[in-house]
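Data block below; observations after.
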Amino acid sequence: MATTVHPPPSRLHAWMLEGLSDMGKGHGHQAPAAKSKAEPEHRGQRWYRVMCLTGVDYFSTLGYQPGIAALAAGLLSPVATVVLVIVTLAGALPVYRRVAEESPHGEGSIAMLERLLSFWKGKLFVLTLLGFAATDFLITITLSAADASTHLVENPHLTSTLHDKQVLITLVLVALLGAVFLKGFLEAIGVAVALVIAYLGLNAVVVTVGLWHVLTEGHVVTDWSSALTAEHGNVFAMVGVSLLIFPKLALGLSGFETGVAVMPHVQGDPDDTEEHPKGRIRDTKKLLTTAALIMSVFLIATSFITTVLIPAKEFEDGGQANGRALAYLAHEYLGSAFGTVYDVSTIAILWFAGASAMAGLLNLMPRYLPRYGMAPHWARAVRPMVIVFTLVGFLVTWIFDADVDAQGGAYATGVLVLISSAAIAVTIAARKAGQRNWTIAFAVISAVFLYVTVVNVIERPDGVKIGACFIAGIILVSLLSRLARAFELRVTSVTLDNMAERFVRDMSSRKIRFIANEPDRRDKAEYRDKIEQIRNDNDMPEQEDFVFVEVTVLDPSEFEAGLTVRGDVLHNRYRVLTLESSSIPNALAALLLHVRDSTGRTPHIYFEWTEGSPFTNFLRFFLFGQGEVAPVTREVLREAEPDRARRPRVHTG
């Protein structure tokens, strides 16, 4: 391939692109040839440390989930929460354990569904799912920061000073989160471990004290059960109402998608390989199961104590327990000092809840967009992407005025769409594997999540609207990026078989001339007439000999791929090189540069002009990899080789 000497990068440039990730170059498409299949690569963190990273998102929902449940279900909150826990353990957990097994490189259910579709429809489908993923992850960052600022502003000691500074505080928290990731990923995991241990410990204290008060004040349970029975009658009615209310509690399912998105950071076993990371899969399943069990216990306990110990009016807008039910109990039963410590811990974990979302974005987006040619190469580097996502977080915070409720619909929609897509993906995977019982089970789970998603969309259509904006933005930016990179040389490697190598060696002793030919009947007359046409168009003598080059377009929506060249002698006379690629001009340019580099001689290639409108032909090239072949090949060569003297020659007649 062509190499061009560039001046050494500046220190800032080198720092920004340090550790440029190669995510998205392989994993199911073309595996890097330079790596041995037996080579261990996974030097991540122990699974329980990574659990803390995804847990800052999942566990932080304790800061607001009991209040949401109380507002949505009232006295029925504990029963509705039990339904949520059942759906979590019997639905979401089995789904994502299967996702971890089927897609162990962090792409999640998106990669599983990507395999079902090819060409541009597959790319657009993935971009749509990425739009919902971006909605989920980015809103996680901004909503959690806004909720942290709410807790800070509503602290009794600070409310008079900070009551009108919520937007500014939220922007500062988003900026601080970005700064942590600019510093380094290990630092982010270390902060997450400390925050999760402290937060769960403080919540355990609040729950223990709350249960003690429930036991010592026995009448609160009796009063609650009597009121619940009077309001809903029997258990079946309670369960039925809980099922109807369940979509409003769906935020309690957040964290599973980020759990599989951060899989590449799970250490696994020393003998794990990219192809068979068994240890990573096993430990990720431990991560998901442990997080779900911890959260289930806390959800049931906190919904119970907050429902029976806090007056209903305090949950309403303007009430002291609105959005901070456990903080209310901490201040009420453990004093102002402990309550303030609890507030600080809640603010910290809510602020850092965006860390798992940021990690998910940094793992997910570079696996798709650069590989599709829909993002620049620097999108594989961590620090530039952190800056991009932080700036988008600023924009979202400004648009929604740091309002938690305004962002809740978009957050729930993103979570539910991703869980539903994961459930559908594992249903299809189980069916293909011939696992009838699992297929039925996953199909039922898919139906449940699809129902919840539809109900949520009907009740909160703003979530779909916000998600649609993210999708439209990703698709627009992606297509513009692909258009800007249209003339980029995107062949990652060139491999010639023995016959093709023989053709090149034979031509290297004289002038190397290729004819670009669009294969038709491939009979003797086709090649004879083509040579005659090229000689007449370019006024060349008959003694000049040529080698034909024919490119077959496979999937034109693919951007980067290796190139394999096969040589054949047809009709005992005509030498033909056959290539398969996503783009004819790119394949021809890559072949010419490879021949130049391997022989030290400048190759020539001959075309005939393409008939039709140049604009139409360019669109054919952009979408289908063919069209305006001659000028595009020349432009690709010009981009790849700035030195005109070393550039292969393109002739068109």
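All residue numbers refer to positions in the sequence shown, counting from 1. Hydrogens, waters and symmetry mates play no part in the numbers below; they use all other heavy atoms, side chains included. This is a predicted model, so every value here is computed, not measured.
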Nearest 0.5 Å, what's the CG-CG distance between Leu176 and Leu182?
11.5 Å

Is a side-chain donor-acceptor pair under 3.5 Å present for Tyr342 with Asn203?
yes

Looking at Val99, is its backbone amide N or carbonyl O close enough to the side chain of Ser103 to form a donor-acceptor pair, meaning the two atoms are under 3.5 Å apart?
no

Any side-chain heavy-atom pair of Thr413 and Thr135 under 4.5 Å
no

Ala443 versus Thr427, closest heavy-atom pair with distance:
N-OG1, 3.5 Å

Identified side-chain contact (heavy atoms from CB on, under 4.5 Å) partner of Arg97 from the options Val260, Thr289, Ile281
Thr289

With side chain to side chain contact (heavy atoms under 4.5 Å, CB included) as the criterion, how do Val191 and Val56 come out once you've worked through the C-alpha distance, each side chain's angles and the decisive distance to 0.1 Å?
CA-CA 10 Å; Val191 173; Val56 288; over 6 Å; no

If you define the side chain from C-beta out and look only at heavy atoms, does anything of Leu299 sit under 4.5 Å from Gln65?
yes

Is there side-chain contact between Val167 and Trp398, with heavy atoms separated by less than 4.5 Å?
no

Any sub-3.5 Å donor-acceptor pair from Ser144's side-chain atoms to Ile141's backbone N or O?
no

Identify the two heavy atoms, one from Ala80 and one from Ala73, that lie closest to each other, and give their separation to 0.1 Å.
CB-CB, 4.1 Å

d(Leu211 CG, Phe304 CZ) to nearest 0.5 Å is 7.5 Å

The side-chain contact (heavy atoms from CB on, under 4.5 Å) partner of Phe449 among Ile419, Val417, Leu418 is Ile419

Quick check: do Val206 and Phe338 have side-chain heavy atoms less than 4.5 Å from each other?
yes

Are Glu102 and Val426 packed together at the side-chain level, in the sense that at least one heavy-atom pair is separated by less than 4.5 angstrom?
no

How close do Phe352 and Ala192 get, counting heavy atoms only, and between which atoms?
CE2-N, 3.7 Å

Between Phe256 and Tyr58, how do the two ring planes meet: parallel, tilted or perpendicular, split at 30° and 60°?
tilted

In this structure, CH2 of Trp47 is separated from OG1 of Thr284 (nearest 0.5 Å) by 10.5 Å

For the CG atom of Leu62 and the OG atom of Ser60, what is their distance to the nearest 0.5 Å?
8.0 Å

So, the side chain of Trp351 versus the backbone of Ala148: is there a donor-acceptor pair under 3.5 Å, distance only?
no

Can you name the closest pair of heavy atoms from Phe315 and Thr306 and give their distance?
CZ-O, 3.4 Å

Got a second to check how far Thr397's OG1 is from Gln166's CD, nearest 0.5 Å?
10.0 Å

Take Val396 and Leu138 through the side chain to side chain contact (heavy atoms under 4.5 Å, CB included) test and state the conclusion after the steps.
CA-CA 8 Å; Val396 172; Leu138 280 167; 5.5 Å; no

Go through the steps to decide whether Thr170 and Thr142 satisfy the test side chain to side chain contact (heavy atoms under 4.5 Å, CB included), and finish with yes or no.
CA-CA 8 Å; Thr170 304; Thr142 58; 5.8 Å; no

If you count every heavy atom of other residues, nucleotides or ligands that lies below 6.0 Å from Trp438 atom CH2, does the total exceed 12?
no

Are Val220 and Trp224 side-chain neighbours, meaning at least one heavy-atom pair lies under 4.5 Å?
no

Does a donor on one side chain sit under 3.5 Å from an acceptor on the other, for Ser303 and Ser77?
no

Which heavy atom of Thr390 sits nearest to which heavy atom of Gly178, and what is that distance?
OG1-CA, 3.7 Å

Can you measure from CG (Leu93) to CG (Leu293) and round to the nearest 0.5 angstrom?
7.0 Å

Can you tell if the side chain of Met295 reaches within under 4.5 Å of the side chain of Val85, non-hydrogen atoms only?
no

Side chain proximity check, Leu391 to Leu395, heavy atoms < 4.5 angstrom
no

To check you understand the geometry: which heavy-atom pair defines the closest contact between Leu75 and Ala227, and what is its length?
CD1-CB, 3.5 Å

Might you work through the side chain to side chain contact (heavy atoms under 4.5 Å, CB included) test for Glu101 and Lys285, ending with a clear yes or no?
CA-CA 8 Å; Glu101 186 176 325; Lys285 289 181 178 180; 2.9 Å; yes

Using a 3.5 Å distance criterion without hydrogens, assess whether the side chain of Thr216 forms a donor-acceptor pair with backbone atoms of His213.
yes

